[in-house]
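Here is the structure we will look at.
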Protein chains: 2
Amino acid sequence: MTTREELRTIALAEFAAAGYGATSLQRIAELAGVSKSSVLYHFESKERLLEAAIGPAIDRMNIVLAPLQVAGIGDRRAFLEAFVDFLLEYRLEVNMFINQGPSLVDVPVIERANELVRRLAAFFEVNSGSLEEKMRFGIALGGAAYMLCSAQTFDLTQVETIDETRAALITILTDLLG
Amino acid sequence: MTTREELRTIALAEFAAAGYGATSLQRIAELAGVSKSSVLYHFESKERLLEAAIGPAIDRMNIVLAPLQVAGIGDRRAFLEAFVDFLLEYRLEVNMFINQGPSLVDVPVIERANELVRRLAAFFEVNSGSLEEKMRFGIALGGAAYMLCSAQTFDLTQVETIDETRAALITILTDLLG
DNA sequence: TCAGAAACTGTCCGATCGGTCAGTTTGGCA
DNA sequence: TGCCAAACTGACCGATCGGACAGTTTCTGA
């Protein structure tokens, strides 16, 4: 693993756990065992580091959404499975966005993610549905992100297999949105 | 409204919106139109301000939970209604705890809130249930908090009445946990 | 009216923030 | 071996952080 990729991984974990504003470049550097200058060599600013941290997740989600742009959401169950796979693979990024996003206005990469959520909401016809349907969408999105990143709070640390988690998540989200 | 209470309200809103670590005493002072020194006169430290901000919510939730300590959860529906009322009244506090709590280790008031969540999980027999039941609890808790505090993201700003929101929330949480 | 308490302020402190920059170390290739 | 670019560092910058403290204004009851 290159140092750059290592820094990206460490930064993402810290941003998700402690928050973007509360995480200093110095702390990231210490966790990586390099100097703060080295962090700023690989990423020219803290904001660029944030971009590198969650950008790939946005790109991936855009790919998941792309076919729906022309064909509509079609089979909800199939889409939810793809969505859950996305959540599991990018849980830290999603958690960070859910928790920190609202406070990071005018940050380009966060605006891109906000646009993504709006498109997602449109696919689920959130704004044409009832209030309850809107709320179901919000609860599913925020709740899945929260739950996936607070395993220890709920004594979920002994989660046996990723497959079981995936199946349970699909069942619950299908209940909420399917 | 006393200045102290005004400061508490402003601080809570900022902590919930921008995060505890990212909110400076100077900013709170500016929003309140007083000096930073004045903030530290009413609350001897930033941590005490955090305590004052979310402490009442914890006290209130403890009162909601108290009767269950002896009688068990009994009618889940009735408890969920009380819980939803709590969520609606203390949405900022809950949102702040959900988002910032994991990063605020060793802060006494946050530890108190964590203990509260553990007791809540115990009432719902989260740890004796299946993985899916645990996840339902986490999604319900985190999702409700997220949704209540991101109305504009989902174009929910035109929420007509609090009663409709309350009814929808009870329905959804009953689906998840009832 | 006036004294004491409460409320509030400006100034200062050491630490840390994100970021710049000149200089040093390191690794690969001719 | 010599060289150059990439990787990395420490020192430094102005700004801001949470907080201490002495002094000033404002309120209130005797």
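The figures that follow rest on heavy atoms only: side chains count, while hydrogens, waters and symmetry mates do not. Throughout, protein chains are lettered first and strands after them, A, B, ... in sequence-line order, and every chain is numbered starting at 1.
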Next item on the list: Using the ring of B:F15 (Phe, Tyr or Trp, six-membered ring only), decide whether B:K46 places NZ or CZ under 6.0 Å from its centre and within 45 degrees of its axis.
Entry: no

Note to self: Whether the A:R119 and A:N62 side chains hold a donor-acceptor pair (N or O, under 3.5 Å, no angle test) is what I'd like checked.
What the structure shows: yes

Next item on the list: Ignoring backbone atoms, establish whether A:S24 has a side-chain N or O less than 4.0 Å from OP1 or OP2 of C:dT16.
Entry: no

Calculate the interatomic distance between [X] atom [atom1] and [N] atom [atom2]; express it in whole Å.
| X | N | atom1 | atom2 | answer |
| --- | --- | --- | --- | --- |
| A:R4 | D:dC8 | CZ | P | 12 Å |
| A:I28 | C:dT16 | CD1 | C1' | 15 Å |
| A:Q26 | C:dT16 | CD | C1' | 9 Å |

Checklist line | Heavy-atom pair of closest approach, residues B:E93 and B:I54 | finding: CG-CA, 4.0 Å

Next item on the list: Take B:R166 and B:E81 through the test side chain to side chain contact (heavy atoms under 4.5 Å, CB included) and record every step on the way to the result.
Entry: CA-CA 8 Å; B:R166 181 177 181 274; B:E81 287 186 18; 4.0 Å; yes

Next item on the list: Mind listing the residues from residues 30-54 of chain A sitting with a heavy atom below 4.0 Å of DNA chain C? Number order is fine.
Entry: A:K36, A:S37, A:L40, A:S45, A:K46

Item checked: Salt bridge B:E30-B:R27, side-chain N to carboxylate O under 4.0 Å -> no

Note to self: Between B:D59 and B:R112 (salt bridge meaning N to carboxylate O under 4.0 Å), is one present in this structure?
What the structure shows: yes

